[in-house]
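Notes follow the structure.
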Amino acid sequence: MNKIVERLQNGIIKENPTFVLMLGMCPTLAVTTSAINGVGMGLSTTVVLVMSNMLISMLRNIIPDRVRVPAFIVVVASFVTIIQFLVQGFLPSLYSALGIYIPLIVVNCIILGRAESYASKNPVVPSIFDGLGMGLGFTLGLTLIGIVREVIGAGQIFGFQILPLADAAAEKAGYTPVTIFVLAPGAFFVLAVLVAVMNVLRKKAEEKGRPLPAAQGCLAGDCASCNMGSCTGKSAAVNEVSGDTAEKKE
Amino acid sequence: MKELILILVASAIVNNVVLSQFLGLCPFLGVSKKVETAAGMGGAVIFVLTISSFVTSVIYRFILEPTGFSYLQTIVFILVIAALVQFVEMFLKKQVPALYQSLGVYLPLITTNCAVLGIALKNVTNSYNILQSVINGLGTAIGFTIAIVIMAGIREKIEYNDIPAPFKGSAIVLVTAGLMAIAFFGFSGVI
């Protein structure tokens, strides 16, 4: 029981994939134009994460180590396909809003990352709750970013007008939405501010002697850590290569 | 012909893959510190994306669609792309060592790139034929190269600027990307 609570806490707060680990930035930027899209994307990812963690944990002693990453990808891609058809069938409006980003859950770093670092080494029940915690943490992150963008960009939360809009014709004072925030550039600005805030918090936590877990993935400049590069079972080579590029960049 | 040019321009500039669709963000942020490496990455992406668009499109048209297995597209595409990149790497290493020298290091990083899978899926959703798919892949990759080279140029200058401490590192890069996205937004009326 303790383990379950610990896993949930770990995913939602301590190692929150959006705020702390900074993983899965591609969907984070793309679908958070409104809070409801964030929730939809987050929950779809959660379902895939829970199912794939469960199956991978069950198969952890059967999958040979050398082909584990392709095997994980097939498992994840199967669940993503199932989710894609469920969303398409039952939530068509969400499906058209999220579009291509639903099948792209396959290449979300969080899912393969959890499969590799947790589910493939731990028993089924903790793995399920690890997936659930991470998924809910991701949902929380997407929802909060979606709310921020929706409020600034349209004065709404979940489609409800919370800031009365200005109306020049009726000379009514009110809020003028900054439309750019629900468009592509706004996503970059919101994420930039988020990264800056996290940098400050990270520094504070370090001064207190309780450093936050390091950011992983793209924003840490670590492309190869997403495991996709190792699908062919050559992760060592990839790491070597990214080391090379790092040196070249110096 | 006109239609193909439209696809090329639309995918390269109007719907820029990084700045308006957020695909391939990882290498865009990670490998954009120097113009030289950014151009190398761009070249590798052009190479892989064109080939993978062709291969996935052929597989979809001639295997998945006739046999009624088109719902397996995500699974098939991701495995094909991973194998393809590996194969291209081995082929270049053996046959074209000069090209491998300049592009080789970037190839494994490209499998990480959700742009490759994204474009393969987009070709299917837009029901492009094989030639249109290849042009779409090429255009997308050119758009990626334009974006990453511009970004690298700006980042080389940013190095010498005084940036507020919390924004140092990836935050200022994201602000720059946002400003670039606004600039590219201006193209949306072109087509």
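Lettering follows sequence order; numbering is per chain, from 1. Predicted model only: the values in this text are computed from it and were never measured.
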Heavy-atom closest pair, residues [X] and [Y]:
X	Y	result
B/C114	A/L104	O-CD2, 3.9 Å
A/A192	B/A171	CB-O, 3.4 Å
B/V175	A/F189	O-CE2, 3.5 Å

(message) Please identify, among A/A77, A/A184, A/G99, A/P185, the residue contributing the most non-hydrogen atom pairs under 4.5 Å to chain B.
(response)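 Result: the option with the highest number of such pairs is A/P185.
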To the nearest 0.5 Å, what is the distance between [atom1] ([X]) and [atom2] ([Y])?
X	Y	atom1	atom2	answer
A/I100	B/N126	CD1	CG	8.5 Å
A/I73	B/T74	CD1	OG1	13.0 Å
A/L183	B/S188	CG	OG	9.0 Å
B/S170	A/M198	OG	CE	11.5 Å

(request) Measure A/T81 against the heavy atoms of chain B and call it side chain, backbone, both or neither at under 4.5 Å. (result)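 Looking at A/T81, just its side chain touches chain B.
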(request) Below 4.5 Å from any heavy atom of chain B, which atoms of A/L194 appear? Answer side chain, backbone, both or neither. (result)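 Neither the backbone nor the side chain of A/L194 comes within 4.5 Å of chain B.
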Is [X] close to chain A through its backbone or its side chain, or both, or neither, when contacts mean heavy atoms under 4.5 Å?
X	value
B/Q21	both
B/L79	side chain
B/L179	both
B/Y71	both
B/L19	both

(request) Inspect the surroundings of CZ in B/F54 and state if more than 12 heavy atoms from other residues, nucleotides or ligands are less than 6.0 Å away. (result)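 Atom CZ in B/F54 is not packed in, count stays at 12 or less.
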(message) Would you say CZ of A/F85 has more than 12 non-hydrogen atoms from neighbouring residues, nucleotides or ligands within 6.0 angstrom?
(response)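 More than 12 heavy atoms, drawn from other residues, nucleotides or ligands, come within 6.0 Å of this atom.
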(message) Set out, in order, the CA-CA distance, both residues' side-chain angles and the distance that settles side chain to side chain contact (heavy atoms under 4.5 Å, CB included) for B/L174 and A/V195, then state yes or no.
(response) CA-CA 9 Å; B/L174 287 166; A/V195 171; 3.8 Å; yes
(request) Could you have a look at B/K168, B/M180, B/K122 and say which one has the most heavy-atom pairs with chain A under 4.5 angstrom? (result)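 Winner by heavy-atom pair count: B/K122.
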(message) With a 6.0 Å cut-off on the ring centroids, do B/F22 and A/F188 count as close?
(response)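 Judged by ring-centre distance (under 6.0 Å), B/F22 and A/F188 do meet the cut-off.
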(request) Go through the steps for A/Y101 and B/L23 under the test side chain to side chain contact (heavy atoms under 4.5 Å, CB included), then give the verdict. (result) CA-CA 10 Å; A/Y101 297 100; B/L23 301 176; 3.9 Å; yes
